[in-house]
Chemist: 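Can you keep this structure in mind? I'll have questions shortly.
Along the sequence shown, the residues carry numbers beginning at 1. In each ligand, atom 1 is the first atom listed, and ligand 1 is the first ligand listed.
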Amino acid sequence: MLNEKFIKEIIKTSADMWNKGWAERNAGNITVRIDKNEIIATDELDFSNDWTKLEKILPNLAGEYFLVSGTGKFLRNISVFPKRNLGIIEMDENGACYRILWGYEGGGEPTSETPAHLQAHSVRKEISNGVDRVVIHTHTPNLIALTYARDFTTATLTQLLWEMHVECPVVFPKGVGYLPWMMAGSQEIADATADAFYKHDLVMWQHHGVFATGRNLDTAFGLIDTVEKASDIYIKAESLGGIKHKPSLDTIIAISRNFGFEPSKDIIDELRKKS
Ligand code: 2HA
Ligand code: ZN
């Protein structure tokens with residue numbers, strides 16, 4: 001298992017997240033929907049573990065396998081002890097329960113955010129026709145700082161980020177879904193996050209951290225890297241005495257269209273109403 005491409009990729013991504021300063025202690029978690037045909041033949045899978053029931057049944061994930069970082073584990077340790085800090089889980093034939101097939105060596109469980117991740121995967125698998133396979137959650141300091149210092153809606157947070165780096169309207173034209181503070185690990189936040197993933201591929205939890213999805217780890221990581229950089233630029237510009245110049249909404253739309261994208265109509269309509 002340790003030679004599989006998905007293990008090599010998660011080792012790189014988790015080390016990058018640590019090096020970026022996004023993953024203090026046990027912060028952050030990663031899930032990847034993997035192709036079970038790639039590993040089904042290995043004798044390393046253990047099909048004898050008990051099933052854990054999910055609160056929400058996710059029929060479109062029936063039978064799927066996921067690579068999942070462990071609860072309480074440090075992302076920075078995945079590269080040294082992958083089998084201790086990662087596991088592979090299998091969804092049952094109804095999408096109602098999961099069981100551990102591999103990993104969490106020495107005792108462990110999938111991340112405490114597993115319900116939020118699996119519900120997000122369910123939505124993204126549906127709306128991307130199976131293309132999206134990755135969900136990353138992490139604690140990005142600049143983006144989190146913004147949620148302490150400013151009031152936001154999805155539209156106003158997205159506008160600020162689009163304005164602060166001209167790549168943003170190209171990288172995330174669908175915007176960043178913004179969720180007010182809710183208890184991490186709760187069913188309430190899992191439901192709200194999954195809902196937001198119908199419209200956006202990034203979701204921000206106030207005072208906590210960000211979620212991103214995509215076809216692979218590079219895509220989801222790149223989304224987070226870009227919003228975090230835009231937040232950093234905003235904080236730097238504000239501390240230089242405040243923002244003096246920024247692209248207009250029309251310029252933002254033009255940038256996005258120039259690269260073949262269309263910024264979220266809901267967000268644009270809301271911003272136009274406001275201005
Ligand atoms: O896994 O980041 O939100 C630790 C967390 C929980
Ligand atoms: Zn977190």
Chemist: Examine Phe211 together with His117 and report whether their ring centres are nearer than 6.0 Å.
Modeler: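 Yes; His117 has its ring centre under 6.0 Å from that of Phe211.
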Chemist: Let me see the working for Thr251 and Ser248 under side-chain hydrogen bond (donor to acceptor under 3.5 Å, both in side chains), right down to the final yes or no.
Modeler: CA-CA 5 Å; Thr251 302; Ser248 68; 3.0 Å; yes
Chemist: Quick check: does Ala27 get an N/O under 3.5 Å from an N/O on ligand 1?
Modeler: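 Not met; the criterion fails.
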Chemist: For the residue pair Tyr198 / Glu126, report whether a side-chain donor-acceptor contact shorter than 3.5 Å exists.
Modeler: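 Yes, side-chain donor-acceptor contact under 3.5 Å.
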Chemist: Cut-off 3.5 Å, side chains only: do Asn142 and Ser231 have a donor facing an acceptor?
Modeler: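 Not at all, the side chains of Asn142 and Ser231 share no donor-acceptor pair under 3.5 Å.
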Chemist: Show, in sequence, the C-alpha distance, side-chain angles and deciding distance for Glu9 and Asn216, and conclude whether the side-chain hydrogen bond (donor to acceptor under 3.5 Å, both in side chains) test is met.
Modeler: CA-CA 9 Å; Glu9 287 172 348; Asn216 57 36; over 6 Å; no
Chemist: Is the distance between the ring centroids of Phe221 and Trp22 less than 6.0 Å?
Modeler: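 Yes.
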Chemist: Taking the Zn ion (ligand 2) as the vertex, measure the angle between atom NE2 in His137 and atom NE2 in His139; round to 10°.
Modeler: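 It rounds to 110°.
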Chemist: Would you indicate which of Lys73, Glu24, Glu113, His139 comes nearest to atom 3 (O) of ligand 1 when only heavy atoms are counted?
Modeler: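 Looking at heavy atoms only, Glu113 sits closest to atom 3 (O) of ligand 1.
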Chemist: For His137, take its heavy atoms, then give the atoms of ligand 1 lying under 4.0 Å from any of them.
Modeler: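 Counting from 1, the qualifying ligand atoms are 2 (O), 3 (O).
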Chemist: Identify the protein heavy atom lying closest to atom 1 (O) of ligand 1, giving its residue, its atom name and the separation to 0.1 Å.
Modeler: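 The answer is Asn29 ND2, 2.8 Å.
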Chemist: Under a 4.0 angstrom heavy-atom cut-off, which atoms of ligand 1 come close to Asn26?
Modeler: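 Here the atoms of ligand 1 in question are 1 (O), 4 (C).
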Chemist: What N/O/S atom of His208 is the closest to the Zn ion (ligand 2)?
Modeler: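 It is NE2 of His208.
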